[in-house]
Amino acid sequence: MGRTLVSAIIAAHSSQKAMEGEICQVKVDFAFANDITGAPAAESFREMGADRVFDRERCALLPDHFTPNKDIASAEQTKKGKEFAREQGMLYWEVGRVGIEHAFLPEKGYILPGDIVLGADSHTCTGGALGALSTGVGSTDLAAVWALGETWLKVPPTVRVDFRGKRPGWVTGKDMILSLIGRISVQGARYMALEFGGEGIENLPMDDRFTIANMAVEAGAKTGVFVPDEKTLEYARSRAAREFTPRYPDSDAPYARREIFDLDGMGPVAAMPHSPDNVKPVRECGSPEIDQVFIGACTNGRFRDIETAAKLMEGKKVAPNVRCIVIPASYEVYNAAMDKGYLRIFTEAGAAVCTPTCGPCLGGHMGILAAGERCVSTSNRNFVGRMGSPKSELILASPLTAAASAVTGRLTDPRDVMPEEFFRNLEGN
Amino acid sequence: MTKAFSGKAWKYGDHIDTDVIIPARYLVSSDETVLGKYCMEDIDKDFVRNMSKGDMIVAGDNFGCGSSREHAPLAIKGAGCSCVIAASFARIFYRNSINVGLPIFECPEAAASIETGDEVAVDPIAGTIENRTKGMTFRVAPFAPFLQELISAGGLIPYARRRLEERRKGA
Ligand code: SF4
């Protein structure tokens with residue numbers, strides 16, 4: 001019997017057979033934490049009696065959540081993490097040179113095809129876009145990886161997801177993953193892996209693949225992996241910080257289930273409050289009025305996200321009663337968007353453009369919601385209280401839908417503000 | 001694992017996420033007694049005030065979904081809960097609980113039967129959950145052998161310490 005992609009990756013990192021359901025000890029290629037999870041990981045690391053991380057070039061700490069530090073408590077927490085990173089000589093980047101971990105690490109070539117990557121952050125699954133088994137753990141688990149260079153993973157069953165047909169320009173990676181979560185629910189892949197493939201993703205830009213992999217955890221999955229193709233390898237080769245070996249599933253791999261989507265008929269969708277699986281076509285959501293739009297996060301703060309939103313907003317204004325906050329996920333994205341004049345489009349439209357950070361995504365800072373406020377957000381979770389008051393509401397959507405909503409002041413299908421040819425001309429379509 | 005214990009149940013629904021177990025605004029500390037003060041605040045703001053030490057949280061499917069914050073099981077421990085019983089757990093929460101020593105029990109039948117206020121007794125060694133108020137007893141499936149080893153080592157920290165010592169001796 002053949003192997004799924006995830007089982008092939010585990011087998012290549014373990015001395016065990018790595019049959020489905022087996023708990024395997026695996027070598028880890030890269031392990032990281034952030035400003036929230038780093039300090040407790042450092043504490044656990046010391047309690048373990050460890051004195052050196054297993055490899056300084058494969059262990060990293062990234063300040064991205066409450067940074068630039070939002071208050072004294074977060075400053076103290078960030079400082080603890082930073083001191084630990086300095087003492088260990090491990091990878092650390094200061095504010096101004098970093099980005100949201102799940103955007104920054106792939107950009108810098110630290111997450112590569114065939115890798116096993118552990119991060120003390122649930123959206124570590126984003127790395128699956130590169131064909132890596134990249135998964136989130138808690139701080140203590142991460143500390144053990146820093147100390148030992150290995151961890152335990154159970155070989156999960158895999159749900160294979162195939163996208164067929166030709167993707168219309170208004171369908172982004174966000175619409176694809178929200179449609180999947182809407183169909184299988186927030187626990188549809190609990191304890192399982194998602195594996196994405198099909199001819200419908202052959203032309204899908206890497207940035208959209210990152211969005212899809214990012215939200216695998218919202219379906220409960222351990223990771224969401226893409227089978228590497230030419231696009232993946234080109235992206236990885238041009239950035240790789242070290243050598244890598246891509247892995248592939250066998251053609252007779254046993255899948256627990258298959259989900260098939262036809263892209264041709266798909267339209268923009270949104271996840272309504274308060275669950276990522278409360279998904280409906282945008283046009284069937286009743287156009288609720290909104291107070292804020294947030295374009296950013298590790299889900300949709302990459303170049304193509306910023307670009308499509310900017311192109312839609314060009315020459316338009318943010319609705320008078322709406323705050324629109326745009327946060328590129330990294331400086332690579334920030335600078336590229338600046339060079340192309342996109343940041344200027346946003347500020348001229350009346351949007352706020354901020355420095356790369358998680359910011360409002362987790363209710364940290366730079367865009368917290370008051371009771372009764374409603375926000376269209378390109379982030380990945382719309383749980384109660386996620387962006388501020390437990391009485392606020394969050395609607396999850398693509399950058400195109402978010403930009404269209406910013407302009408009209410209501411949740412809006414981008415096709416209702418732009419002609420068909422606009423979508424045909426978007427790069428990547 | 002720990003010996004038998006009992007307490008009063010506080011029942012919640014499906015998909016209780018880590019943002020309501022411990023909202024991000026409190027993630028500037030990882031001290032369990034500090035976190036414990038805000039446990040479940042966004043879903044039940046009186047939870048911490050109403051519960052007593054040793055009480056347990058009982059919930060439906062996918063308990064602990066959402067972020068990887070270890071602060072979630074720490075907040076539950078810090079509030080004084082003895083354990084969580086749920087129909088199922090989200091993957092990272094499951095790992096984190098074992099790692100930090102919060103007892104968790106996956107038992108859909110018990111989770112369905114227990115209501116807020118019920119007296120519940122748990123015997124981890126015998127693998128039973130008893131709803132004393134309703135007079136019903138349920139069996140809990142045992143942990144995989146590797147996880148039993150981890151739990152009996154006292155969690156991941158002592159386990160990793162032992163592994164490091166073994167390596168040093170081997171080197
Ligand atoms: S952007 Fe949001 S989801 Fe992504 S890592 Fe930051 S807080 Fe988590």
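These numbers come from a predicted model, not from an experiment. Proteins get letters first, then strands, A, B, ... in listed order; numbering begins at 1 in each.
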TODO: Taking the side chain as every heavy atom from C-beta outward, state whether A/Phe383 and B/Asp42 have any pair of such atoms under 4.5 Å apart.
DONE: no

Open item on the list: Can you tell me which portion of A/Gln77 sits under 4.5 Å from chain B's heavy atoms? Options are side chain, backbone, both or neither.
Closed with: side chain

TODO: Could you tell me which portion of B/Leu27 (side chain, backbone, both or neither) has an atom closer than 4.5 angstrom to a non-hydrogen atom of chain A?
DONE: both

Task: Contact class of B/Ile98 relative to chain A, heavy atoms under 4.5 angstrom - done: neither

TODO: Would you check, one step at a time, whether the test side chain to side chain donor-acceptor pair (under 3.5 Å) holds for A/Glu43 with B/Ser30?
DONE: CA-CA 10 Å; A/Glu43 238 165 79; B/Ser30 44; 4.8 Å; no

TODO: Sort A/Ile23 into side chain, backbone, both or neither according to what part of it lies under 4.5 angstrom from a heavy atom of chain B.
DONE: side chain

Open item on the list: Distance check, rounded to the nearest 0.5 Å: B/Tyr159 atom OH versus A/Thr140 atom OG1?
Closed with: 15.0 Å

Open item on the list: Which atoms of A/Phe45 are under 4.5 Å from chain B, going by heavy atoms: the side chain, the backbone, both sets, or neither?
Closed with: neither

Open item on the list: Within this structure, what is the CZ-OG1 distance for the pair B/Arg95 and A/Thr151, rounded to the nearest 0.5 Å?
Closed with: 4.5 Å

Task: Which atoms of B/Tyr94 approach chain A - backbone, side chain, both or neither, heavy atom under 4.5 Å - done: side chain

Open item on the list: How long is the straight-line distance from OG of A/Ser122 back to CZ of B/Arg69, given to the nearest 0.5 Å?
Closed with: 8.0 Å

Task: Side chain proximity check, A/Asp141 to B/Glu70, heavy atoms < 4.5 angstrom - done: no

Task: Interatomic distance, A/Glu47 atom CD to B/Leu156 atom CG [nearest 0.5 angstrom] - done: 11.0 Å

Task: NZ/A/Lys70: more than 12 non-hydrogen atoms of other groups inside 6.0 Å - done: yes

Task: Interatomic distance, B/Phe146 atom CZ to A/Cys24 atom SG [nearest 0.5 angstrom] - done: 10.5 Å

Open item on the list: Nearest 0.5 Å, please: how far is CZ in A/Arg190 from NE2 in B/His15?
Closed with: 9.0 Å

- [ ] Evaluate side chain to side chain donor-acceptor pair (under 3.5 Å) for B/Arg91 paired with A/Thr135, printing each intermediate quantity in order.
- [x] CA-CA 11 Å; B/Arg91 172 192 153 259; A/Thr135 189; 3.0 Å; yes

